[in-house]
Amino acid sequence: MSTAKQPVLELRNLSVSLPPGGDRPFAVEQVNLRVAAKEILCIVGESGSGKSMVAHAIMGLLPEPHVKVAAGEALLNGENLFTMSRTRQRQVRGVGMGMIFQEPMTALNPLMRVGEQIEEALRLHSDLDGRGRRARVLELLADVGLPNPEDLRRSYPFRLSGGQRQRVMIAIALALEPDLLIADEPTTALDVTTQKQILDLIRKVQAEKGMGVIFITHDFGVVAEIADSVAVMQHGRCVEYARAEQVLNRPEHTYTRELIAAVPHYIEHREDFVREGTALLKADSVRKVFQVGGGFLRRGRELIAADNVSLTIHPGETVGVVGESGSGKSTLGRCIVGLHKADGGRIVFQGTDLVGLSRKAFRPFRKDVQMVFQDPYASLNPRYRVADIISQGPIAFGTPRKKAHERARELLELVGLDASVARRFPHEFSGGQRQRISIARALALDPKLLIADEPVSALDVSVQTQVLDLLDDIRYQLGLAMLFITHDLRVAAQVCDTIAVMQTGRIVELGTCRDVFSNPTHSYTRTLLDAIPGQQWEIPADLRHLRGERARRPREVSR
Amino acid sequence: MNRDFWNAFASNRGALVGLAILVVVVLMAIFADVLYPRSPWSMVTAPFQPPLSDDVLLGSDTLGRDIAAGVVHGSRVSLLIGLISSLVALFIGVTLGALAGYFGGWVDDAIMRFTELFQTIPNFVLAVVLVAIFTPSIYSLVAAIAIVSWPPLARLARGEFLSLRSREFVLAAVTTGQSTPRIILREILPNSLSPIIVAASLTVATAILLESALSFLGLGDPNMMSWGYQIGAARTVLRQAWWMSFFPGIAILITVLAINLVGEGLNDALNPKLARKGRGR
Amino acid sequence: MAKIGLFLARRLVKAAIILFFIVLINFALIRAAPGDPAAVMAGEAGASDPQYVELLRQRFGLDEPLHTQMWIYVSSVFQGDLGFSYRQGRFVSDLILERLPATLLLTVTAFIFALAMGVLLGTLAAMKVGRWADTAITTLALVSYATPLFWLGLMLILLFSVHLGWLPSFGFESVGAGHTGLARVADVAAHMVLPVLTLGLFYMAVYTRLTRSSILEVHEMDFVKTARAKGVTEGNVMMFHVLRNAILPVITFAGFQAGHLIGGSILVETVFAWPGIGRLAFNALLQRDYQVLLGVFVVTSILVLLFNIITDLLYTVIDPRIEVE
């Protein structure tokens, strides 16, 4: 703790109440934190931990009157934010503290030029004249590393990429050189390479201006990258609060230990996969082009989503496809499973080329190639019971209803759920449980190949490991081949035998997991690896052990 | 599920009032012959009797017909035409919208241009022209009202289908080998129904307004007493006999208001997220 | 500027295509009507005059094959020939053009009134959400939304003309009063009050509801939070961030609604004896003068197309994202 310095912000016994009738009365309960100048405090927690509520309470942005500060003080340079007048509060926002949000795509006013949006804060809270403000805007845009500030100033947000917009947000927050910067998951919506740039930027401006920073995140990698001190939150309470070095390397609270153990990382114990026999699937120069825009009379722009993509999957092999958004990794998966029609190349599955097959001719292969989707809240039809969802495939292929339902119950046990849940509806389950149901549905047709499209990226880290373990277990038990699509190299490292790195529609590197990680050949792979947050941090050995145990733990099979 | 639905609906007091009024109007339509066994066209008393006169509660019209009898019998036409034309519009709109949204591409383009065409045409003018040319009857009225009412429903259904088509549970249905009709009817349609039901309930209200306007212009079914006709017939004697146009108009107003209130209640119950936005944060 | 020119050109081409199809529908209506198309075109008037019917038959080539007929009809309409009203003894286009200004005056005024009031009331309601002002405005909108136009007109006449005697109840101006200059403007304005109110109230209700819900929706968006985090005052948040974004769907919808507004003028002009094309259509209806009726149909459609182009233009001015598409 930086107790020696006068804190920029001090939270005393902060409690935030939720509307009555919810699952708990308080979103945040009795939280005590302090941030000094030049200090970065990371608040870590999973969804529902109340970490964002803390930030919103400080900024006075809680959705009142339903959610409001119930007790406690927030002292900014000694002045209580919760008791000051509204006018003073407005002054303090902007001048005393600035905030950046998670979603850069929606955080800027779409109808206002970028320059105006930065200038607005200056106009309200500074004495600068028009010319002075313009100069300051240009300076800020340059400070946050944006090219051509003069052009950018006059641009509308829709012309900017996510990373650029987040830089603009930072420029807005910095406009008046506040003492405190609050960053609410500012890199979660960004690609890993962009994330690295934004983290570097925040660290740089923080050091230059000597600001205190509250950085909210769910990712311990990010914590390791930037934190001076760490507060871990669970169910609205702060369960551990200490210097970063201590929390990262000698975590005390069970929950913190669990979270750290769940951080995905490369596991050394995995043996290299030995390819035997003929390939189950062979993709050869697959190409997919989308028409973007266009209409009745106009031709749209062409977008090449996948170009000359080739890879093979052998029985029992897990191939990871890793890339950033727009790399074409999902397109590839969807071409294989028949959701998109490839425009060129061959996708040979057990000797048959699937490309160009009619809907009818493709149908028999649907049984063999199944898919697990990303969003567990969108991938189950809310109107059907779990048993019906799981057995929809077998019934469509002629299995009697009763038999299919019996099998559904077996599968539920296989994925670690109780057979009795078969009669329930999806909304009664958590995200992780839904993802298990989704996996059971994919397994119901006894597929040979499973396409898993970002199956854990919508889940909290602790749930993420459980689902990853499940997928790993299942493919060992059933001898499944898997195409595992992910944006997260760390996740890929944990489950994949082979890794294909994709960039703008092409595979730039293809090799065993070990080679790609220890000996990357393509510069883009190196960029990706470099961008993984918190690389210099080693997960404490005792926790790594815990993780390894879990991965190897045998599971009972019910078939 | 059902209890939740009812609780959400009942928590909107306006919706309950609307439902109560609607029940009364429906009962009125069903028991019109019991309440006023004589034809609403028959002369029962002297012309120009003000309200609360003997025998005629709401007064009589220029030919001595009972206004109250006309209002009660008129509810039949309004409800019948409102309901049937909305169902037809719903069928056309949802079918076209579903095809456009599901198949996309040129199918979508063609259907949406077609919809745009019908949205450009001033709908009331088209309805007038249609009924006038095909001679006024209950069939031409239903057809005309349906033809001008479907485009908003088609746009709505298209939007729903378009967004649901790429939802993961629909993709999962494709990968597990479900047939296209099954995907459209069993996977997408049930999930797109909530906003469509709400919109359809508002279509009924608009259809009743359209019917009354057409009847007002003298384009109603000549064999059926309707509220619009009553007002149209009384228009020229407005200065002498306000009640002749006042009461049928109130009947239209209250019925349409009730349907709109029920529609809002349905919206609260079926789209809880949207409803919260609408009523206080 | 060049961009707007290109945009306009593209929109005009699109409008011409839509107009072509509208004229086709018109043609189809004549053909689909029960009975001899020539008799339909002649309407009641022609029933007693076989010579006129024969004239129509020749003019539109009704003995020729269907596609030739179609071509004759479509090209004549595009040349501005909307037919001849036997009843009135005049060309339909002349009849309509003569009455167009009155209708435009009425509908444009009503549209502006409805939009301005709707946005104003909707904003007010959204700012006071859940309070009595909101309840009052929402209720007013709900009732206005359920009131039949023509009946509202009659009731307004009853109240303001018959009982209170404040406003004239029919016509465009006081006949024979011989007003000129400003006095005439004031006279016409007085005559306009009730028709505009009648036509505008329903649409005001629509825009009020739409504005209110749109504002509430935008209010929850992230960029509003950003503005607050900058320390922008609530008033400015509303003006510069919320309202500007919330108004976009209102404009889109208003564009679509233009057609309904022009359709509503048939009713309003009938009730208030306003000498516009709506009144013309009503009289044509009474006389089964289909040539006039169909002419009104085509012209009102053209008005809607123009209206849509104007709202589209307005939209491009407000929303910078449009030009890329």
Side-chain angles (χ1 to χ4, degrees), chain B residues 14 113-114 116-135 148 151-152 155 202 205-206 208-210 212-213 216-219 227-228 231-232 234-235 238-239 242 245-246 248-250 252-261 264 274 277-281, chain C residues 15 17-19 21-22 25-26 29-30 32-34 40 129-130 134 142-143 145-152 154-155 157-158 161-162 202 212-213 216-217 219-220 256 258-264 266-267 270-271 278 281-282 284-286 288 290 293-294 296-297 300-301 303-305 308:
Chain B
R113 292 298 89 81
F114 185 66
E116 221 169 86
L117 174 64
F118 270 83
Q119 260 184 330
T120 303
I121 299 171
N123 63 352
F124 187 63
V125 183
L126 179 60
V128 166
V129 170
L130 281 172
V131 177
I133 285 185
F134 291 97
T135 65
V148 301
R155 294 183 84 91
L202 299 179
T206 324
I208 290 179
L209 284 176
L210 269 174
S212 72
F216 172 76
L217 292 180
L219 293 172
W227 296 334
I231 301 172
R235 182 167 72 90
L238 180 69
R239 280 157 201 274
W242 58 271
S245 38
F246 179 76
I250 287 290
I252 302 173
L253 171 59
I254 287 181
T255 309
V256 173
L257 187 63
I259 296 172
N260 284 334
L261 287 170
E264 288 200 350
L274 289 175
K277 269 183 200 151
R279 289 195 295 134
R281 285 167 297 139
Chain C
I17 295 172
I18 293 180
L19 187 62
F21 281 102
I22 288 173
I25 290 178
N26 222 341
L29 280 173
I30 298 170
V40 171
V129 75
D134 179 31
L142 205 60
V143 173
Y145 192 63
T147 311
L149 272 186
F150 54 92
W151 182 75
L152 176 69
L154 293 176
M155 293 303 115
I157 290 175
L158 213 48
S161 304
V162 180
F202 177 84
R212 180 180 177 276
S213 65
L216 290 179
E217 198 168 308
H219 223 264
E220 312 266 300
F256 272 134
H260 298 224
L261 197 93
I262 292 167
I266 294 188
L267 292 164
T270 303
V271 169
F282 179 67
L285 200 61
L286 291 181
R288 302 262 176 272
Y290 293 127
L293 202 56
L294 290 170
V296 170
F297 176 63
T300 47
S301 301
L303 287 183
V304 176
L305 285 170
N308 286 349

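Any value given below was found using the heavy atoms of this structure, including those in side chains, with hydrogens, waters and symmetry copies removed.
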Margin query: Which atoms of B:Ala213 are under 4.5 Å from chain C, going by heavy atoms: the side chain, the backbone, both sets, or neither?
Written below: both

Next item on the list: Kindly indicate whether the side chain of B:Ile252, heavy atoms from C-beta on, has any atom under 4.5 Å from the side chain of B:Phe216.
Entry: no

Next item on the list: State, yes or no, whether a side-chain contact exists between C:Phe150 and C:Thr270 at a heavy-atom distance under 4.5 Å.
Entry: no

Check: Among C:Ala281, C:Ser161, C:Gly263, who wins on heavy-atom pairs under 4.5 Å with chain B?
Finding: C:Gly263

Item checked: Distance-minimising heavy-atom pair for C:Ala146 and B:Asn260 -> CB-ND2, 4.2 Å

Next item on the list: Identify which of B:Ile259, B:Leu217, B:Val256 forms the greatest number of heavy-atom pairs closer than 4.5 Å to chain C.
Entry: B:Leu217

Next item on the list: Examine whether an atom of C:Ile25 lies under 4.5 Å from a heavy atom of chain B, and if so say whether it belongs to the side chain, the backbone or both; otherwise answer neither.
Entry: side chain

Check: Do C:Phe297 and B:Ile121 come close enough that some side-chain heavy atom pair is under 4.5 Å?
Finding: yes

Item checked: Structural part of B:Ile250 lying under 4.5 Å from a heavy atom of chain C -> both

Next item on the list: Quick one: which of B:Leu238, B:Val129, B:Val148 has the most heavy-atom pairs under 4.5 Å with chain C, could you say?
Entry: B:Leu238

Item checked: Contact leader toward chain B among C:Val162, C:Leu158, C:Leu149, where contacts are heavy-atom pairs under 4.5 Å -> C:Leu158

Next item on the list: Flag the pair C:Phe202 / B:Leu209 as yes when at least one side-chain heavy-atom distance between them is below 4.5 Å, and no otherwise.
Entry: yes

Next item on the list: Select one option (side chain, backbone, both, neither) describing which atoms of C:Phe282 are under 4.5 Å from chain B's heavy atoms.
Entry: side chain

Note to self: Within a 6.0 Å radius of atom CZ on C:Phe21, are there more than 12 heavy atoms belonging to other residues, nucleotides or ligands?
What the structure shows: no

Next item on the list: Let me know if C:Leu293 has heavy atoms under 4.5 Å from chain B in its side chain, its backbone, both or neither.
Entry: both

Check: Can you tell which of C:Leu267, C:Asn26, C:Ile262, C:Ile18 has the highest number of heavy-atom pairs within less than 4.5 Å of chain B?
Finding: C:Leu267

Notebook entry, point to check: Do the side chains of B:Arg113 and C:Ile17 get nearer than 4.5 Å, heavy atoms only?
Noted result: no

Next item on the list: Using a 4.5 Å cut-off on heavy atoms from C-beta on, say whether the side chain of B:Thr255 contacts that of B:Trp227.
Entry: yes

Checklist line | Interchain contact, B:Leu219 with chain C, by part (heavy-atom threshold 4.5 Å) | finding: side chain

